[in-house]
Amino acid sequence: MGAALITGASRGLGRALALSLAGDGWSLVVDGRDPVALTAAAEELRSAGAVEVRAVPGDVADPAHRRALAREVGEVGGLDVLVNNAGTLGPSPLPPLAAFPLDALCEILDVNVTAQLGLVQETLPMLRRARGRILNITSDAAAEAYEGWGGYGASKAALEQLSAVLGVEEPDVRVYAVDPGDMRTRMHQDAFPGEDISDRPPPETAVPGLRRLIDGNLPSGRYRVSELEPETVAGGAR
């Protein structure tokens, strides 16, 4: 198969996608901030059939951690897919912009934008050689105005613009900004503290759409998982 680097793979969408690739015999480099949860996820990936699993605990906002991830990828033998899934919501409950702590906004932008580009820069030579793919996980909050979502939404809008420009600058690498939709994850629960989010679908439901981008031949662009049918290009690149 191939080799993939997936950030934020200890739980939620990252873990679900990693398990799907493991079942097809991919080699995986995964990270997460919780070493215990990451170790448990890595064992699952090995049991699911991954050829090789390198689990590197740490924070993508740390340049040394990003360099460590790139080294692990090099030791695996190259990189076919980079999935920038790790991110931060910011303060919870979600504050309005009029009262948004500016230091918190700086942290959100650092994790959700700067760190993502930093990891792209670390791994781009390998992705170019493999004519690989980059999946930057975004959100409808990047394009829609939701009360309280200004900080997170601004960071995802910036990530989408970086993705669009990178897709133009790197013709040998497919660059996708992909909105997985609402999911029943810890981050989504943090966005709605005390509310019942059991009606949201589990992250596993988004995996087939992500696999369409990884396994198919769609051009660089912005996609919504809800529009990625198995044999169509609904939504297309925009």
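All residue numbers refer to positions in the sequence shown, counting from 1. Since we're looking at a predicted model, the values are computed, not measured.
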Of L228, V83, I137, D215, the one forming a side-chain contact (heavy atoms from CB on, under 4.5 Å) with L210 is I137

Can you give each donor-acceptor pair under 3.5 Å made by side-chain atoms of residues 10-25, sequence neighbours left out, with the distance rounded to 0.1 Å?
residue, atom, partner, partner atom, Å
R15, NE, E44, OE1, 2.9
R15, NH2, E44, OE1, 3.3
R15, NH2, E44, OE2, 2.8
S20, OG, R211, NH1, 2.8
D24, OD2, R211, NH1, 3.0
D24, OD2, R211, NH2, 2.8

Spatial distance of atom OG1 (T114) from atom CD (E107) [nearest 0.5 Å]: 12.0 Å

Value for CD1 (I134) from CG (L127), rounded to nearest 0.5 Å, stands at 5.0 Å

Can a donor-acceptor pair be found, under 3.5 Å and without considering hydrogens, that links the side chain of D80 to the backbone of G132? no

Can you name the one residue among D59, N112, D110 that meets side-chain contact (heavy atoms from CB on, under 4.5 Å) with T88? N112

Interatomic distance, CG@L94 vs OH@Y146, rounded to 0.5 Å, equals 13.0 Å

Full working for side chain to side chain contact (heavy atoms under 4.5 Å, CB included) between I108 and F100: CA-CA 12 Å; I108 293 170; F100 207 100; 3.6 Å; yes

Check: N85 main-chain N/O paired with T7 side-chain donor or acceptor under 3.5 Å: yes

Using distance only, find each side-chain donor-acceptor pair of residues 46-58 under 3.5 Å and give its atom names and separation, not counting sequence neighbours.
residue, atom, partner, partner atom, Å
R46, NH1, E43, OE2, 2.8
R46, NH2, V53, O, 3.3
S47, OG, E43, O, 3.1
E52, OE2, R54, NE, 2.7
E52, OE2, R54, NH2, 2.9
R54, NH1, E72, OE1, 2.6
R54, NH1, E75, OE1, 2.9

What side-chain donor-acceptor pairs closer than 3.5 Å can you find for residues 61-69, not counting sequence neighbours?
residue, atom, partner, partner atom, Å
D62, OD1, A64, N, 3.0
H65, NE2, D31, OD2, 2.7
R66, NH1, V60, O, 2.7

Taking R174 for the side chain and L218 for the main chain, is one N or O donor matched with an acceptor at less than 3.5 Å? yes

